[in-house]
Protein chains: 2
Amino acid sequence: MADRSDRRTTMLEAAARVIARRGVRGLRVEELAAEAGVSTALIYYHFKNRQGILRATLDFINDRAESYTTSRDPDAPPLDARGELEQTLLLEFQDTATVRENSTAWGELRASAVFDPDLREDLARATLVWDQEVAELLGKVHPMAGAGALAQAAERLTALLEGLSTRWLSGSLPLAHARALMSEAIDVELSRLGGAVTRS
Amino acid sequence: MADRSDRRTTMLEAAARVIARRGVRGLRVEELAAEAGVSTALIYYHFKNRQGILRATLDFINDRAESYTTSRDPDAPPLDARGELEQTLLLEFQDTATVRENSTAWGELRASAVFDPDLREDLARATLVWDQEVAELLGKVHPMAGAGALAQAAERLTALLEGLSTRWLSGSLPLAHARALMSEAIDVELSRLGGAVTRS
DNA sequence: GTCTATAGCTAGATAGAC
DNA sequence: GTCTATCTAGCTATAGAC
């Protein structure tokens, strides 16, 4: 949409980095200003207040996650349904700056919502959309599975992803191990759906 | 050990309530003092500083979780292995003050550790112990399953529990639904272990 | 749009009396 | 052990010049 290298974008990228380093609740406007190479006053000029910074940054991060989850190398061979599912769920377990920033921010959003009712509605909506996407992908692999079974499997997989991701980021679980557990969970759920198509 | 109704315990109970309300990072010493009905100076007298408050409270909460997870009504009929497993994993999904406080505090500890390396070691150790307990219970249900498969199933179940718990507490998932998903996940993992005892 | 400077407030921590 | 009073630091937010 807008020019991706304008100053506002620079600040949002800086905000994503600071949040990944300090958390949503550890973000200090002064540190953000230093990270972006601008004054605190300019931050307030663009984002009104602390809450405005957070809202804009979380939108920015959401858009970014959408792009790295959805878009793929156009030269790569097209993925089958199962490959698409695995890509969607395993892409979150990569130790790159962008993915780390996004996962951290998402985890923070989730954790902050426990104490901040203002965040809950947006979060619940985003969660619902995500769960439905995963349910749809599961349905492509097992077209005969019931809608209820698909929805539940999707919810378990996305909730597991959040749990594993937080364990990874908090140093309780090596990244490769988290990936392996997620991958195996996909197998477990898929074989369940395949073996019991009439259930539920 | 010590007198359970002494003033220090009163402060710890108050701290658990305040953390459940505001989060670890939202805890203000003044609010805690008010909640406990004492002065801020007394808090500092007993716990040295903010970090000391957090450490003591998290120990306190850990002990409390241990007791409600482990102990049972002595008159109730003894549980079989599967019942014990379900009890361990489903007890976290109860809307009572104590469980809510414990789950909230545990989630906060987990989320805080992403940004606070001091917390990581304790947390990783506690996670390991918990995973092993669950693996042991799974092994009681399926004595022929391999140790690796048991360990992985346990890690998936406890990580899922954390993910579902945070969704519950952040208002993205009704409690009954979280329970149902957890319960079904136990079934899924158990049938997997039962159907593939020689795997891994 | 962007900066420097600073007002104003909140919250952690301590001094000293009882 | 416990309180009242207060010191101090750090942070959000704004005023005003350029």
DNA chain D: first to last nucleotide in contact with chain A (atom under 4.0 angstrom from a heavy atom), 5' to 3', is D:dC11 to D:dA15
Which ones in residues 39-58 of chain B lie close to DNA chain D, meaning a heavy atom under 4.0 Å from one of its atoms?
-> B:S39, B:A41, B:L42, B:Y45, B:H46
Output yes when B:E184 and A:R192 qualify as a salt bridge under the 4.0 Å nitrogen-oxygen rule, no when they do not.
-> yes
Test salt bridge (charged side-chain N to carboxylate O under 4.0 Å, His left out) applied to A:D122 - qualifying residues, sequence neighbours left out = A:R125
Would you mind listing the cluster partners of B:V188? Hydrophobic ones only (ILVMFWY), side-chain contacts under 4.5 Å, chaining allowed.
-> A:V188
Does any pair with a residue in residues 17-44 of chain B pass salt bridge (Lys or Arg N to Asp or Glu O under 4.0 Å), and if so which ones, sequence neighbours excluded?
-> A:E108-B:R25, B:R17-B:E35, B:R21-B:E31, B:R21-B:E35, B:R22-B:E31, B:R25-B:E108
So which pairs with a foot in residues 145-161 of chain B pass salt bridge (Lys or Arg N to Asp or Glu O under 4.0 Å), sequence neighbours left out?
-> B:R156-B:E189
Residues forming a side-chain hydrogen bond (donor to acceptor under 3.5 Å, both in side chains) with A:T104, sequence neighbours excluded | none
By side-chain hydrogen bond (donor to acceptor under 3.5 Å, both in side chains), B:S103 pairs with (sequence neighbours left out) B:E92
With B:A176, which residues qualify under side chain to side chain contact (heavy atoms under 4.5 Å, CB included), at least two apart?
-> none
Who passes side chain to side chain contact (heavy atoms under 4.5 Å, CB included) against A:T158, sequence neighbours left out?
-> A:W130, A:D131, A:V134, B:R167
Among residues 20-34 of chain A, which residues get a heavy atom nearer than 4.0 Å to DNA chain C?
-> none
Give every donor-acceptor pair under 3.5 Å between a side-chain atom in residues 50-61 of chain A and any protein atom, sequence neighbours left out.
from  : atom 1 : to    : atom 2 : distance (Å)
A:R50 : NH1    : A:L27 : O      : 2.6
A:R50 : NH2    : A:V24 : O      : 3.1
A:T57 : OG1    : A:I53 : O      : 2.7

